[in-house]
Amino acid sequence: MTDLSSTIEARFRDALAKAFGDEHRATDPLVRLSTDERFGDYQANVAMSLAKTLGAKPRDVAASIVAALDAADLFERVEIAGPGFINLTLTNDALGRRVEAMHEDERLGVEPAPRERIVVDYSGPNVAKEMHVGHLRSTCIGDAIARVLRFLGHDVIGQNHLGDWGTQFGMLIEYLMESGGAVSREIGDLNAFYQEAKRRFDGDPEFAERARLRVVALQRGDAETLELWRTLVDASKRYFDTIYERLDIDRSLLEYRGESAYNDDLDDVIRGLDEAGLLRESEGALVVYPQGFKGRDGEPLPMIVRKRDAGYLYATTDLAAARYRLNVLGATRVIYVTDARQSQHFAMLFQTLREAGWAGPNIRLDHVPFGTILGPDRKPFKTRSGDVVRLGEVIDEAEERAYAIVAEKNPSMPEEEKRRVAHVVGVGALKYADLASERIRDYVFDWNRMLSLDGNTAPYLQNAYVRIRSIFRKADADGIAYEGFGRVKIVEEAERALALKLLQLPAVVRGVAESLEPHRLCNYLYELASAYHRFYERCPVLSADDETRRSRLRLCDVTARTLKTGLELLGIATVEQM
RNA sequence: GCCCCGAUAGCUCAGGGGAUAGAGCGUCCGCCUCCUAAGCGGAAGGUCGCAGGUUCGAAUCCUGCUCGGGGCACCA
């Protein structure tokens with residue numbers, strides 16, 4: 001079954017064609033959710049905009065559309081109001097039948113999109129460095145986007161573009177050799193290792209020289225050096241995996257493919273740019289000048305692809321990675337989830353890929369920028385001493401704070417269960433706070449707000465789910481039968497509002513895949529949970545008569561699945577009790 | 001200097017051509033013999049940064065400005 005908004009839109013396109021000629025099938029009927037219940041459930045606003053081109057009065061246009069509209073099985077009322085709004089009220093019967101169809105559908109009415117291979121580049125921490133809050137947003141937003149696209153049926157490859165190459169590895173490997181060659185220490189103290197190496201490098205010119213030679217050895221593929229490099233990379237991956245696991249990041253969507261994977265392609269990138277006629281030399285460096293960019297001096301802004309000392313940069317690696325994703329993996333869409341400060345870099349990168357002919361007109365390249373996490377002082381989130389906040393410590397605190405709340409609200413819960421719930425609630429709250437506001441904006445990190453049980457938070461949504469599950473536990477305990485559930489009868493206003501909200505899921509998921517804005521899904525789930533809570537207050541389920549009970553249990557069940565699925569798409573788990 | 005992003009209730013944020021702009025927190029007032037009150041209802045609170053413009057209609061689109069953040073050659 002086509003989802004509700006698409007169905008309504010299609011009806012209006014038919015009506016427009018019938019009333020004003022076939023060419024008007026292409027006119028957007030401007031079907032929107034009504035802002036006020038007095039204006040019905042949906043409204044079509046096309047009459048006002050069409051009146052001018054048709055040279056008719058808007059209300060007459062509206063009347064013609066309504067006369068041509070096939071409304072029989074769908075709308076209770078179709079009313080023309082104000083300057084020419086067409087207000088639509090769905091029949092309770094249509095709502096009930098659509099909720100039943102949604103309930104029967106494993107995908108909750110979300111139809112698969114035409115399958116595309118899509119690469120999503122996110123997380124991207126640096127080898128031999130600890131992850132910090134700066135990595136949280138890319139990791140959570142990227143994971144959510146990858147999950148949504150997969151749910152829509154796409155072939156999604158998440159790639160972790162690790163910072164696993166570069167001059168700093170000379171220093172790290174040299175220091176590793178000095179300190180015995182083994183990373184036996186299980187990398188909770190990667191930062192310490194990095195900083196010790198840096199201190200050695202800064203404080204001892206003789207060591208610094210050895211580090212520089214070590215870079216050369218690494219680049220020419222010296223076996224012993226490479227092995228130590230691999231030791232560092234592997235140890236770091238083990239550490240990243242522990243963080244990803246604690247954050248409930250879907251590792252089946254995220255493969256490690258660091259910068260080093262493209263080392264052998266970099267010469268060829270330069271050659272390709274040359275063949276495309278884009279390569280220029282400037283002050284000893286090799287650069288390209290993508291169209292439309294100016295520097296401080298008003299002159300064309302170069303993107304440097306090879307340094308004066310013949311070294312390569314992230315632009316080169318990014319070009320190589322993009323070529324790999326397009327040519328080898330066959331992606332038709334590549335999505336980069338990085339902070340907003342890199343916007344210009346990606347704009348230049350995309351422009352270069354277009355000009356080189358490496359990304360054709362049918363390839364979508366998206367930069368998904370996001371703002372900074374701010375502390376309570378509205379400055380970038382740091383510890384009191386001004387250091388970066390370690391991601392592991394943030395997760396610890398999220399779980400501790402959630403544990404304290406769970407223990408207070410539900411003291412009789414077994415200890416192990418409390419720990420599990422604290423994890424799900426704490427990490428869910430942390431991730432949800434990151435996803436819930438428009439991602440381009442900076443957001444203020446606030447433990448109390450994100451863990452609040454009121455408002456647009458993960459715990460509020462998780463609790464709505466828990467309350468539903470609680471009803472089913474009681475039903476099972478009391479031996480109340482509900483197999484097959486029965487028809488969904490919409491009677492009460494709260495049932496109606498809940499049904500309407502449920503049926504919006506497909507349009508919301510599609511919108512997220514298009515805009516790459518997970519906060520839209522958050523808003524939807526919050527509205528759904530609110531609608532459910534109102535239903536819960538006003539509509540007793542188990543104490544109702546059998547027919548009503550079966551109907552309401554079915555509403556409960558489809559709501560629970562929608563909440564659970566929606567939260568899963570955000571990378572957030574649910575629990576049965578909390 | 002140029003470019004990008006932001007500005008909506010006291011605070012934190014939704015809404016991004018459509019009717020009288022919403023939520024949570026905070027403040028005030030109500031609601032548990034009843035499926036989790038981790039909930040619900042109500043009240044109070046807004047020149048949607050400023051000024052123009054486009055439009056039947058602008059918080060939403062355009063231009064300029066103010067304020068804040070970010071970027072602008074060998075780091076990523």
Side-chain angles (χ1 to χ4, degrees), chain A residues 30 32 34-36 38-39 43 45 48-49 51-52 58 81-85 87 124 126 161 163 166-168 259 282-287 292-298 301-309 311-315 317-318 338-345 347 369 371-372 374 378-380 405-406 408-410 425 436-438 440-444 446 448-449 451-457 459-460 462-464 466-475 477-478 480 494 519-520 522-523 526-527 530 532-534 536-544 552-553 556 577-578:
Chain A
L30 301 173
R32 303 282 184 267
S34 291
T35 49
D36 188 309
R38 285 171 308 145
F39 306 141
Q43 57 181 239
N45 300 333
M48 282 94 76
S49 55
K52 179 151 285 180
F85 297 105
N87 292 337
N126 293 314
H161 196 72
T167 50
Q168 75 276 22
E259 296 171 346
S282 172
E283 300 175 31
L286 295 178
V287 307
F293 297 91
K294 280 188 194 145
R296 209 185 290 275
D297 50 10
L301 186 63
M303 187 167 76
I304 300 174
V305 292
R306 206 184 76 178
K307 295 190 284 183
R308 198 169 4 209
D309 68 3
Y312 295 115
L313 306 95
Y314 71 129
T317 311
D318 278 339
T338 77
D339 72 279
R341 286 176 302 199
Q342 296 186 47
S343 292
Q344 183 172 266
H345 165 66
T372 308
L374 305 176
R378 298 217 66 139
K379 295 201 172 121
I405 296 169
V406 172
E408 186 204 326
K409 302 283 185 189
N410 217 335
V425 172
S437 65
E438 208 180 354
I440 191 65
R441 296 167 54 122
D442 297 344
Y443 83 90
V444 178
D446 183 332
N448 290 332
R449 198 163 47 243
L451 281 161
S452 166
L453 305 316
D454 295 301
N456 189 9
T457 67
Y460 178 86
Q462 288 165 327
N463 180 51
V466 161
R467 290 178 102 184
I468 300 175
R469 297 305 308 152
S470 173
I471 292 177
F472 282 96
R473 264 197 311 280
K474 185 154 194 324
D478 294 354
I480 293 171
H519 83 279
R520 295 189 186 203
C522 296
N523 285 338
Y526 175 56
E527 287 165 6
S530 301
Y532 180 77
H533 278 134
R534 283 192 285 275
Y536 182 92
E537 292 288 326
R538 292 167 181 69
C539 302
V541 176
L542 297 179
S543 59
R552 287 182 178 169
L553 278 168
C556 286
Q577 297 181 57
M578 60 191 275

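Note on naming: letters A, B, ... go to the chains in the order of the sequence lines (proteins, then strands), and numbering restarts at 1 for each one.
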Represent RNA chain B in dot-bracket notation, 5' to 3'. Only Watson-Crick or G-U wobble pairs with both distances under 3.5 Å count; pseudoknot-style crossings use [ ] and interstrand partners use |.
(((((((..((((....[...)))).(((((.......))))).....(((((..]....))))))))))))....

Using the side-chain contact (heavy atoms from CB on, under 4.5 Å) criterion, which residues pair with A/P83? Sequence neighbours excluded.
A/M48, A/F85

By side chain to side chain donor-acceptor pair (under 3.5 Å), which residues pair with A/R552, not counting sequence neighbours?
A/E495

Please identify each residue that fulfils salt bridge (Lys or Arg N to Asp or Glu O under 4.0 Å) with A/K409, with sequence neighbours left out.
none

Without swapping roles, check the side chain of A/D339 against the backbone of A/R341 for a donor-acceptor pair under 3.5 Å.
yes

side-chain contact (heavy atoms from CB on, under 4.5 Å) against A/V406, all qualifying residues, sequence neighbours excluded
A/M413, A/K418, A/V421

Do any N or O atoms of the protein come closer than 3.5 Å to N or O atoms of nucleotides 25-31 of chain B, and which pairs are they?
none

Find every protein N or O atom lying less than 3.5 Å from an N or O atom of nucleotides 42-48 of chain B, and list the pairs.
none

Determine whether a donor-acceptor pair (N or O, by modelled atom type, separation under 3.5 Å) exists between the side chain of A/S530 and the backbone of A/Y526.
yes

Counterpart residues, salt bridge (Lys or Arg N to Asp or Glu O under 4.0 Å), relative to A/E527 (two or more places apart)
A/K501

Got a sec, which residues hit side-chain contact (heavy atoms from CB on, under 4.5 Å) with A/L553, two or more places apart in sequence or on another chain?
A/I471, A/F472, A/Y482, A/F485, A/V541, A/L542, A/R549

Partners of A/R38 by salt bridge (Lys or Arg N to Asp or Glu O under 4.0 Å), sequence neighbours excluded?
A/D36

What residues, two or more places apart in sequence or in another chain, satisfy side-chain contact (heavy atoms from CB on, under 4.5 Å) together with A/L30?
A/D28, A/R32, A/N45, A/S49

Could I get a table of every N or O pair under 3.5 Å where one atom is in the protein and the other is in nucleotides 2-11 of chain B?
{"unit_1": "B/A7", "atom_1": "OP1", "unit_2": "A/R441", "atom_2": "NH1", "d": "2.9"}

